Number of protein chains: 2
Amino acid sequence: MDDQARLEHHLDLLWGHGTGSGRGRPARTSREQVVAAGIARADAEGLADLSMRAVAADLGVGVMSLYTHVESRDGLVALMTDHAFAEITGDLHPHAGEHWRDAAARQARALWDLYGRHPWILDHGSRLPMGPHVLAMEDAFFAVFLDIGLAPVESANAAIALRSLVTGIARDSRSEQDEARRTGVGLDDHWRSVNAVFWGRYFDERRYPAMTRLWYAGGFDRDDVLEEQGILERAVGAYLDGIAVRVHSGGSGQGTGGA
Amino acid sequence: MDDQARLEHHLDLLWGHGTGSGRGRPARTSREQVVAAGIARADAEGLADLSMRAVAADLGVGVMSLYTHVESRDGLVALMTDHAFAEITGDLHPHAGEHWRDAAARQARALWDLYGRHPWILDHGSRLPMGPHVLAMEDAFFAVFLDIGLAPVESANAAIALRSLVTGIARDSRSEQDEARRTGVGLDDHWRSVNAVFWGRYFDERRYPAMTRLWYAGGFDRDDVLEEQGILERAVGAYLDGIAVRVHSGGSGQGTGGA
DNA sequence: GGACTTTCCAGACGGTGTACCGAAAGGATC
DNA sequence: GATCCTTTCGGTACACCGTCTGGAAAGTCC
């Protein structure tokens with residue numbers, strides 16, 4: 001099997017082509033079941049604990065039987081990822097009459113919530129799989145910026161950057177609570193112990209004056225856990241304001257501020 | 001060794017405390033050398049091919065000898081990451097008299113360039129290690145937004161979001177060329193073969209109308225490879241424009257655009 | 001020269017993804 | 001109903017991974 005055939009096989013699996021011909025021994029388990037078992041395990045334990053042996057055991061099936069539905073472990077994760085995006089693509093495209101700013105904010109929230117339900121999507125470094133639901137998600141983001149008065153390249157970039165912004169912030173935010181769960185201790189206990197040893201022994205207030213000033217000014221105070229979401233809303237709001245400036249100035253304005 | 005001691009050991013390594021007491025058999029290799037070998041290998045082959053056996057072989061040393069300088073593989077990556085950030089922290093803080101917008105744009109570029117030299121930094125999902133150089137980098141980002149007229153929490157969020165924006169776009173952008181290198185084929189050849197099979201057999205123009213329209217409008221045209229950088233400049237510019245709106249409106253403005 | 005301290009490193013252990021390949025099971029054809 | 005054909009099943013095996021173990025080696029200190 002050369003690279004070309006392997007690529008086609010990969011895409012066939014993502015797009016659901018070439019499902020059983022009806023002949024031969026029937027599969028004891030469906031591809032849906034395999035993907036669902038993988039998602040369940042990744043949701044509960046993280047991607048690191050998603051081994052083929054574990055998934056097979058969850059399904060009560062031999063390990064190698066998984067490979068009839070999946071080309072490899074990475075292929076399984078790709079299928080899981082595309083499947084997960086199907087959760088939000090149903091109501092992601094801008095509504096009729098909806099202002100583009102509202103639509104974009106709504107999409108950012110939907111993506112953020114999806115990452116909250118399936119944080120493992122943020123774990124795999126490579127690009128998103130080119131599956132039908134991932135493409136539907138991307139299409140929805142592109143649709144928002146299509147007819148608001150930007151040049152085509154700027155529309156495309158705006159959509160990609162909005163996705164990247166949400167993804168980047170989500171990764172920053174989720175990573176610490178993932179780490180806390182991985183080490184077994186609660187998030188609060190984890191940070192309490194880190195802070196106890198860190199700020200006294202290693203941190204030098206003179207070496208990091210900006211952080212220190214912000215700290216004493218209350219810049220890192222978090223009223224509650226949901227405050228993590230505030231940073232998303234603020235960042236997305238600021239970014240969309242910048243896009244709005246470009247829209248109103250004819251598509252490529254430099255906006256306010258210094259040169 | 002309980003968790004507390006393990007954490008202190010981890011931080012000691014990151015901060016360079018507790019280096020050799022002078023007694024006992026001297027180490028054949030320094031911690032600097034181990035970290036440098038790890039970075040060299042990760043730069044060339046990616047994080048996936050960074051095995052302890054490989055690093056040890058590169059240094060001509062037994063595998064377990066690495067563990068005198070490093071607590072684990074993750075600890076090695078943490079050291080490598082902190083070491084890499086030292087490349088840019090020398091000239092990252094805002095200059096005297098520099099407009100905050102220029103400083104922020106300069107920092108975004110520096111971070112982007114660093115990710116270009118060491119793409120593996122983008123691979124590990126957990127938060128950045130709390131090492132001296134990572135903190136220096138963060139301090140520089142916080143410093144930019146300190147005295148521009150935002151509330152403390154908004155300043156902190158602005159700095160974090162700018163970092164997340166650059167990181168998110170860098171990950172989106174680098175991942176495809178990483179994949180191309182991993183599979184051995186060139187970037188152009190990779191996409192040529194993907195496109196050849198994909199757009200004809202799987203992509204449905206009616207199912208993804210926004211992407212299709214943008215495609216025919218030239219929204220995905222890239223004049224040259226460096227155009228990847230254009231999306232960063234545009235996104236950062238838009239985001240900073242949004243921050244500027246908030247600065248001028250007194251710190252929490254909703255800005256232009258819809259509700 | 002001994003005591004002490006630290007590093008070195010071969011070997012082993014349990015884990016991973018997955019290639020191999022004969023056995024099993026159902027449809028198609030006679 | 002017997003046979004062939006096609007597909008899946010899954011035990012075994014292999015290479016590779018991170019890292020624990022523990023005795024040997026190589027320095028400093030008294």
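Just so it is clear, the model here is predicted, and its values are computed rather than measured. Every chain is numbered from 1, with letters handed out A, B, ... down the list of sequences.
No side-chain heavy atom of His17(A) sits under 4.5 Å from any side-chain heavy atom of Leu11(A). Taking 4.5 Å as the limit, some side-chain heavy atom of Tyr202(A) sits within range of a side-chain heavy atom of Val197(A). Looking at heavy atoms from C-beta onward, Phe203(B) lies out of side-chain contact with Met130(A) at the 4.5 angstrom threshold.
For the contact set between residues 60-71 of chain B and DNA chain C, defined by any heavy atom under 4.0 Å, the members are Val61(B), Gly62(B), Met64(B), Ser65(B), Thr68(B).
Spacing between atom CE of Met52(A) and atom P of dA19(C) amounts to 10 Å, rounded to whole angstrom units. The interatomic distance linking Leu76(B) (CG) with dG18(D) (P) rounds to 10 Å, in whole Å. The distance between atom CG of Leu59(B) and atom P of dC9(C), rounded to the nearest whole Å, is 11 Å.
Of the candidate nucleotides dG18(D), dT18(C), dC29(D), dC29(D) has the atom nearest to the side chain of Arg23(B).
An OP1 or OP2 oxygen of dG18(D) is reached within less than 4.0 angstrom by a side-chain nitrogen or oxygen of Arg73(B). An OP1 or OP2 oxygen of dG10(D) is reached within less than 4.0 angstrom by a side-chain nitrogen or oxygen of Arg28(A).
With a 3.5 Å limit on both pairing distances and Watson-Crick or G-U wobble geometry required, the stems of 3 or more pairs in DNA chain C span C:1-30 with D:1-30.
With hydrogens and angles left out, the side chain of Arg25(B) and the base of dA25(D) share a donor-acceptor pair within 3.5 Å. Side-chain N/O atoms of Arg53(A) and base N/O atoms of dG17(C) include a donor-acceptor pair closer than 3.5 Å.
Atom CH2 of Trp15(B) is surrounded by more than 12 heavy atoms from other residues, nucleotides or ligands within 6.0 Å.
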Which pairs of donor and acceptor atoms, one on a side chain in residues 51-63 of chain A, lie under 3.5 Å apart (sequence neighbours left out)?
from     : atom 1 : to       : atom 2 : distance (Å)
Ser51(A) : OG     : Ala54(A) : N      : 3.0
Asp58(A) : OD2    : Arg41(A) : NE     : 2.6

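Counting any heavy atom pair closer than 4.0 Å across all strands shown, Leu50(A) reaches sugar-phosphate atoms only and no base atom.
Sequence order on DNA chain C of the closest nucleotides to Asp49(A) and Ala27(B) puts Ala27(B) first from the 5' end.
Ring geometry for Trp215(A) against Phe220(A) counts as tilted: the plane angle lies between 30° and 60°, on a 0 to 90° scale.
Under the 3.5 Å distance criterion, with hydrogens and angles disregarded, a donor-acceptor pair is assigned to the side chains of His10(B) and Glu71(B). A donor-acceptor contact closer than 3.5 angstrom links the side chains of His118(B) and Glu87(B).
No donor-acceptor pair closer than 3.5 Å links the side chain of Asp172(A) to the backbone N or O of Ser164(B).
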